[in-house]
S.K.: 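Dropping the structure in here first, questions after.
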Amino acid sequence: MKMITTTLQQLLLWLNFTSLLIATLSSANSSDGQNLVGLSLVPASRAHPGAVCLDGSSPGYHLQKGQGAGQHSWLVHLEGGGWCSTVQECIYRARTARGSSSFMSPVAFAGHLSNSPLENPGFHNWNRVFIRYCDGASFSGNVNEPLIVSARGHSMRLFFRGQRVWEAVMEELLTRQGMLNATQAILSGDSAGGLAAFHHCNDFKKKLRGDTIVKCLLDGAMFLDMPSISGVSLIKDLYRKVTTLHNVTSLSHTCTSKQDRGECFFPQYNLDSITVPMFFLQSSYDSWQLRNVIAPAIVDPSHAWSLCTTDLSNCSKPQMGVLQEFRQALLRNFRPLLGHPMWGMHIVSCLHHTEELYSYLWNGFTRVNNMTALQAFSKWYFGGGVVQNIDCAYPCNYTCR
Ligand SMILES: *[C@@H]1O[C@H](CO)[C@@H](O)[C@H](O)[C@H]1NC(C)=O
Ligand SMILES: *[C@@H]1O[C@H](CO)[C@@H](O)[C@H](O)[C@H]1NC(C)=O
Ligand SMILES: *[C@@H]1O[C@H](CO)[C@@H](O)[C@H](O)[C@H]1NC(C)=O
Ligand SMILES: *[C@@H]1O[C@H](CO)[C@@H](O)[C@H](O)[C@H]1NC(C)=O
Ligand SMILES: *[C@@H]1O[C@H](CO)[C@@H](O)[C@H](O)[C@H]1NC(C)=O
Ligand SMILES: *[C@@H]1O[C@H](CO)[C@@H](O)[C@H](O)[C@H]1NC(C)=O
């Protein structure tokens with residue numbers, strides 16, 4: 001029951017996100033100024049048998065081809081949207097676009113995926129790919145046999161195959177869409193998709209030619225192993241269930257030789273296994289983590305926290321103390337990376353979750369050291385050198401609304 005409450009909350013958040021991202025069902029793809037991109041399915045693959053979404057349907061992606069100087073440059077983005085940690089949650093998800101391609105629609109490419117040179121300079125003419133998230137375990141599950149379940153009196157089969165979806169879509173992009181010829185490539189992802197990009201970053205590099213310049217970008221994906229205000233780590237419990245239900249076995253051995261799989265799902269215990277340059281776009285007051293990990297309704301029955309996690313100016317002093325502790329814990333995890341050009345970061349002090357796919361955040365007003373997220377990422381990606389912007393603690397420089 002407890003987890004179901006959190007799931008509902010999470011679901012509402014993702015629905016919010018989805019409605020912003022997925023444009024109205026319109027067949028004309030840029031008549032209203034939106035850059036709608038159609039869905040491509042990845043049919044059953046001989047190389048990766050059983051690469052399917054939760055409900056057994058084919059996985060899908062959206063590709064807008066690169067032009068001119070961007071023809072051989074690739075930005076591959078993994079969609080986010082939480083996890084399903086119980087059979088019930090996965091049955092539910094299998095009836096949505098996050099578990100079945102039967103429910104997927106065209107997507108409006110904005111922010112880092114935008115084709116507008118004004119909104120997205122430097123990347124607008126690249127090949128841009130948005131890979132749909134339909135497995136429920138950050139593209140990492142791998143259970144051989146489908147699970148036969150009964151839902152609303154019907155029996156259905158559930159597939160936990162995120163890892164195979166990753167392999168199959170990569171193969172499709174590499175061989176059928178020409179990504180093998182990439183001269184430069186970025187693997188990015190937001191939220192649960194950012195966690196997937198984290199765990200697949202080394203593999204992404206390995207799949208490309210040796211001389212391809214490869215870097216990864218994680219947006220709102222530094223999920224922390226932190227207790228909630230009740231003292232229990234809800235997210236660790238969630239990750240243990242997800243990695244067990246989905247048979248997540250592709251995690252770094254350096255970590256799994258010391259810690260359990262649930263713990264090894266957290267980026268913070270795997271930083272030393274990453275060999276590819278990586279950039280973190282992150283909020284110090286990540287609204288998803290505050291609402292779902294630190295002070296979710298199940299540990300806050302009187303809703304004493306809901307105003308605070310909606311508007312920082314409404315936090316009490318003790319609540320602000322908890323939020324500053326969260327920020328400190330986040331920064332502690334980044335501390336070993338400071339001063340190293342391999343690790344880029346743009347840490348804003350805003351109450352939001354992700355930035356990369358929203359034009360107004362990606363190249364908008366949340367400046368740190370007078371750089372937008374796009375400017376910081378571009379400086380790091382194209383220029384090299386150390387780019388590590390960390391905004392001061394709230395309420396200083398509060399530019400977020
Ligand atoms: C726009 O729609 C046309 C016709 O439906 C299609 O051929 C084209 O690929 C679409 N463009 C994008 C970017 O999806
Ligand atoms: C879990 O994954 C491992 C490695 O991919 C595989 O050997 C094993 O058979 C899988 N277990 C199940 C229950 O599918
Ligand atoms: C890579 O580029 C070469 C030459 O431009 C071309 O012949 C080949 O078909 C391309 N390969 C792929 C997978 O697109
Ligand atoms: C924050 O609190 C003020 C008064 O303390 C109230 O007027 C305002 O509506 C609150 N904002 C939100 C978002 O609840
Ligand atoms: C905070 O704002 C001041 C004045 O606008 C600016 O000089 C400073 O760089 C900002 N600090 C950060 C971390 O962005
Ligand atoms: C911040 O950057 C903008 C251009 O990106 C520039 O016009 C402005 O002068 C800069 N402000 C400061 C305080 O450096």
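Counting starts at 1 for both ligands and their atoms, in listed order.
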S.K.: Checking a contact table here: which protein heavy atom is nearest atom 4 (C) of ligand 2, and how many Å away?
M.R.: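 Heavy-atom neighbour on the protein nearest atom 4 (C) of ligand 2: T249 OG1, 3.5 Å.
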S.K.: Have Q163 and S140 got a donor and an acceptor in their side chains that come within less than 3.5 Å?
M.R.: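 Side-chain D/A pair, Q163 to S140: absent.
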S.K.: So, are R98 and E79 salt-bridged, with charged N and O less than 4.0 Å apart?
M.R.: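 Salt bridge between R98 and E79, a charged N being under 4.0 Å from a carboxylate O: yes.
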S.K.: Yes or no, since that's all I need: does a protein heavy atom fall within a distance strictly under 4.0 Å of atom 9 (O) of ligand 6?
M.R.: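 Given the 4.0 Å limit, the answer for atom 9 (O) of ligand 6 is no, no protein heavy atom qualifies.
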S.K.: Can you sort out which atoms of ligand 2 are near N144, meaning under 4.0 Å from one of its heavy atoms?
M.R.: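 Reading through ligand 2 atom by atom, the close ones are 8 (C), 9 (O), 10 (C), 12 (C), 14 (O).
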S.K.: Please list, in number order, the atoms of ligand 2 under 4.0 Å from a heavy atom of N142.
M.R.: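 Those qualifying, in numeric order: 1 (C), 2 (O), 5 (O), 10 (C), 14 (O).
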S.K.: Please check atom 14 (O) of ligand 6 for a protein heavy-atom neighbour under 4.0 Å.
M.R.: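 For atom 14 (O) of ligand 6 the answer is yes, since some protein heavy atom falls inside 4.0 Å.
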S.K.: Would you give the length of the straight line joining atom CD1 of I347 to atom OG of S284, rounded to the nearest 0.5 angstrom?
M.R.: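 Rounded to the nearest 0.5 Å, the CD1-OG separation comes out at 6.5 Å.
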S.K.: Applying side chain to side chain contact (heavy atoms under 4.5 Å, CB included) between P296 and each of I294, I298, D300, report the one that passes.
M.R.: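 Looking at I294, I298, D300, the match for P296 under the side chain to side chain contact (heavy atoms under 4.5 Å, CB included) is I298.
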S.K.: Checking a contact table here: which protein heavy atom is nearest atom 12 (C) of ligand 2, and how many Å away?
M.R.: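 Nearest protein contact, heavy atoms only, for atom 12 (C) of ligand 2 is N247 ND2, 3.4 Å.
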S.K.: Name the closest protein heavy atom to atom 6 (C) of ligand 6, giving the residue it belongs to and the distance to 0.1 Å.
M.R.: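 The answer is N370 ND2, 4.2 Å.
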S.K.: Ignoring hydrogens and angles, state whether a donor on the side chain of H77 or S188 is under 3.5 Å from an acceptor on the partner side chain.
M.R.: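 There is such a pair (donor and acceptor under 3.5 Å, judged by atom type) between the side chains of H77 and S188.
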S.K.: Ignoring hydrogens and geometry beyond distance, is a side-chain donor-acceptor pair present between S57 and S101 at under 3.5 Å?
M.R.: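 Checked: S57/S101 side chains pair up, N/O donor to acceptor below 3.5 Å.
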S.K.: Numbering the atoms of ligand 6 from 1, which are under 4.0 Å from a heavy atom of R367?
M.R.: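 Near R367, the atoms of ligand 6 are 2 (O), 5 (O).
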